[in-house]
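Quick notes on the structure that follows.
In listed order, ligands and their atoms are each counted from 1. Note: hydrogens, waters and symmetry copies are ignored here, and every other heavy atom, side chains too, is used.
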Amino acid sequence: MTLLRITATRTALRVPFIGTKTTTVTPVSLSARCYSGHPIKVTHYESGWTADGVDDSIKGIEKYCTQTFNKISQVGLSVFPKDLYDVIPRDEAHGRPAHALMLRSHKLQEDQVDPSVRAIARCGAGTNNIPVARMTELGIPVFNTPGANANAVKELVLCGLFLGSRRVIDGINHMKDLGKQGLARERVEKDKALFGGREIKGKRLAVIGLGHIGAATARDAHSLGMDLVGYDPGLSVKSAMKLPRNMDLADSISSAVANADYISLNIPYIKGTPEEGGTHGIIGHAVLRHMKSDAVILNFARGELVDSVAMKEFLDKGGEGRYISDFPDDVLWNHENVVIIPHLGASTGEAEDSAAAMAAETLRLYLEHGTIRHSVNFPDTSLQEKDSNHIRITVVNKNKPGVLSAITDVFAKHGLNIVQQINHSRGEIAYNVIDIEPAAGDSHDFRELQKELTMHDGILSSRIMGGVAGNGYARNIDGTYYA
Ligand SMILES: NC(=O)c1ccc[n+]([C@@H]2O[C@H](COP(=O)([O-])OP(=O)(O)OC[C@H]3O[C@@H](n4cnc5c(N)ncnc54)[C@H](O)[C@@H]3O)[C@@H](O)[C@H]2O)c1
Ligand SMILES: O=C(O)CC[C@@H](O)C(=O)O
């Protein structure tokens, strides 16, 4: 796909397409990076995803293509400049290859991730609807939007606190029944005794997970006069600084919930039981037996964190315990002490706008500059642009000895000078951003270089950035070259 041939003359970017047409394009928008020191010619291969099943009319479009799987805020999507990006719903893509995927709660399948996809962004916090481990194996970064919807969720958690302390919903339903019978005025003062409640002031709230939502909930609960205890084995210093003073910290979930009147779950869902290192069913018999019989459990994190059968047993014991959840539950949906909300935590205009905008900015940084931030599987990486006289190449590789030197050897072999580079690793993955500055007058066949680089053992993909949006990406998928 990529042939960057450097010559000494300064002309507009010329982009020939195999066998069809030669187009002259102006460089991409000002904020996007492009190599301007020399003209760059990019010859496309027509292999794999670029040719098969793709309509002729969309071959050679010089824009990034972001495909969306859910209804995403237009305010957020407007972050993508129209001259550089086409943003289209997946079901209207008609086989056009995607460079980036954007989604909310859509359960992404591996076969929906075309070989052309460089990155996936979740407009939200939880990424359990994305096969992240598989994406890591394939060398594809997955991004989320930390904190972007936290205020919206916190406000609904506070609403949950009140719904759990006062029988407001039962009372409203009762008034509808009485209204239908024309008995509302006659019965209201007598019947209200059925729906008494308690105040949250002075009660103890256990917050499990003290990240963006948990910490914000703790702060507001504190100002409502609640007594606080928290549990978070991964508590960062930054999050700790945001917690109310005098908040107790427990050393286990069981000790956190032991004397709590309210418990708020604000942790990610991770596949596998707690014994296996996951959070599936983390609120089960072992934790529930430590709870007060009238505890109110608020779950605005994920339904799968709670063992529904164990929760039903807890609620059926005859205490005043309650469960308020933002997720469907086949066992508990009709229980008299349960309130189920249809996953509304992040459903405010403000949260949808800010999560989509953050996701779009994050994708732009990656696609246009190779910068990684807010990734759940790749290391934070940022290499400041030196000047416009360089070509930026990014490489994703398996984190194992010898690969970094193999990468630099390829450049040395091709007589290319690396002017700056950065290499960061995270778990199984390493990521490199490399700037090269060819001398004026040099001519290099970047197509050969990219193939050699990408097909080296341990390398998963490479990108040559500059000039034409969406070009210059090559992958090594189990020993087969896709470009
Ligand atoms: N209802 C909704 O619409 C909605 C919206 C946003 C987020 N969420 C859910 O809420 C979760 C939290 O969101 P956030 O923005 O606060 O995320 P966050 O990453 O800022 O915070 C999560 C915190 O949980 C802690 N944690 C992880 N495992 C834990 C465990 N086993 N015990 C205790 N603490 C643990 C982490 O250390 C981290 O501090 C998300 O993962 C998502 O599943 C739901
Ligand atoms: O997109 C949504 O509505 C929900 C998002 C939420 O579950 C999250 O994890 O951020």
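- In Arg302, the part holding a heavy atom less than 4.0 Å from any atom of ligand 2 is the side chain.
- The nearest protein heavy atom to atom 43 (O) of ligand 1 is closer than 4.0 Å.
- Assignment of Pro146 to the shell around ligand 1 is not supported, since no heavy atom sits closer than 4.0 Å.
- The number of heavy-atom neighbours closer than 6.0 Å to NZ of Lys398, taken from other residues, nucleotides and ligands shown, is 12 or below.
- Polar contact with ligand 1: absent for Tyr269 (N/O pair, distance under 3.5 Å).
- Annotation for Asp330: atom CG does not count as buried by contact number, only 12 or fewer foreign heavy atoms lying within 6.0 Å.
- The Ala346 neighbourhood of ligand 1 comprises atoms 3 (O), with distances under 4.0 Å to a heavy atom of that residue.
- Below 4.0 Å from some heavy atom of Asn149 lie the following atoms of ligand 1, by number and element: 5 (C), 6 (C).
- Contact analysis leaves Glu352 out of contact with ligand 2, as no non-hydrogen atom separation drops below 4.0 angstrom.
- For ligand 2, the polar-atom distance check against Ala125 finds a nitrogen or oxygen pair separated by under 3.5 Å.
- Every atom of ligand 1 is numbered from 1 in the order shown, and the set under 4.0 Å from a heavy atom of Asn266 is 12 (C), 22 (C), 23 (C), 24 (O).
- Side-chain contact of Asn377 with Arg426: a donor-acceptor pair under 3.5 Å is absent, judged by distance alone.
- Less than 4.0 angstrom separates some heavy atom of Tyr231 from each of these atoms of ligand 1: 32 (N), 33 (C), 34 (N).
- Taking each of Gly214, Ala301, Ala150, Pro233 in turn, the one with a heavy atom nearest to atom 10 (O) of ligand 1 proves to be Ala301.
- Close contacts of ligand 1 with Phe327, meaning ligand atoms under 4.0 Å from a residue heavy atom, involve 1 (N).
- Only side-chain heavy atoms of Arg302 come within less than 4.0 Å of ligand 1; its backbone N, CA, C and O stay farther off.
- What sits closest to atom 2 (C) of ligand 2 on the protein, heavy atoms only, is Arg104 NH2, 3.5 Å.
- Close N/O approach between His212 and ligand 1 is found [any backbone or side-chain N/O within under 3.5 Å].
- When only interatomic distances are considered, the shortest N/O to N/O separation between Ile213 and ligand 1 falls below 3.5 Å.
- Under a cut-off of 6.0 angstrom, the local environment of CD in Glu199 is sparse, with at most 12 non-hydrogen atoms contributed by other residues, nucleotides or ligands.
- For ligand 2, the polar-atom distance check against Ala346 finds no nitrogen or oxygen pair separated by under 3.5 Å.
- Applying the side-chain hydrogen bond (donor to acceptor under 3.5 Å, both in side chains) test between His369 and each of Gln384, Glu385, Arg364 identifies Glu385 as the sole match.
- Heavy atoms of His343 found under 4.0 angstrom from ligand 2 belong exclusively to the side chain.
- Ser255 and Asp251 form a side-chain donor-acceptor contact under 3.5 Å, judged by distance and modelled atom types alone.
- A cation-pi contact links Arg463 to Tyr366, judged by a cut-off of 6.0 Å to the six-membered ring centre and 45° from its axis.
- Distance screen at 4.0 Å: atom 19 (O) of ligand 1 has no protein heavy-atom neighbour inside the cut-off.
- The local environment of CZ in Arg167 is crowded, with over 12 non-hydrogen atoms from other residues, nucleotides or ligands closer than 6.0 Å.
- Across Ser73 and Glu352, no two heavy atoms sit closer than the pair CB-O, 3.5 Å.
- Proximity annotation for atom 34 (N) of ligand 1: of Ile267, Thr145, Ile208, Ile267 comes nearest, heavy atoms only.
- Within the structure, the ring pair (Phe, Tyr, Trp, His ring centres under 6.0 Å) test picks out the following pairs touching residues 245-286 (sequence neighbours left out): Tyr269-His280.
- For the pair Phe69/Asp91, no side-chain contact is recorded, criterion being any heavy-atom separation below 4.5 Å from C-beta on.
- Gln420 and His390 form no side-chain donor-acceptor contact under 3.5 Å, judged by distance and modelled atom types alone.
- The atoms of ligand 1 that sit less than 4.0 Å from any heavy atom of Gly345 are 1 (N), 2 (C), 3 (O).
- Distances from atom 27 (C) of ligand 1 to the heavy atoms of Ala152, Pro268, Gly124 show the closest one on Pro268.
- Here the protein heavy atom with the shortest distance to atom 5 (C) of ligand 2 is Arg122 NH1, 3.4 Å.
- Counting heavy atoms closer than 4.0 Å to ligand 1, residue Ala125 contributes side-chain atoms (C-beta onward) but none from N, CA, C or O.
- Atom numbering of ligand 1 starts at 1 in the shown order; those under 4.0 Å from a heavy atom of Val153 are 4 (C), 5 (C), 6 (C).
- Contacts between Asn149 and ligand 2 below 4.0 angstrom, taking non-hydrogen atoms only, involve the side chain exclusively.
- Of all atoms in ligand 1, listed by their number and element, those nearer than 4.0 Å to a heavy atom of Asp232 are 23 (C), 24 (O), 25 (C), 26 (N), 33 (C), 34 (N), 35 (C), 36 (C), 37 (O), 38 (C), 39 (O).
- When the shell of 6.0 Å around NZ of Lys203 is examined, it contains more than 12 heavy atoms from other residues, nucleotides or ligands.
- Contacts between Asp326 and ligand 1, counted as non-hydrogen atom pairs separated by less than 4.0 Å, involve the side chain only.
- The side-chain hydrogen bond (donor to acceptor under 3.5 Å, both in side chains) test applied to His335 returns Asp316, not counting sequence neighbours.
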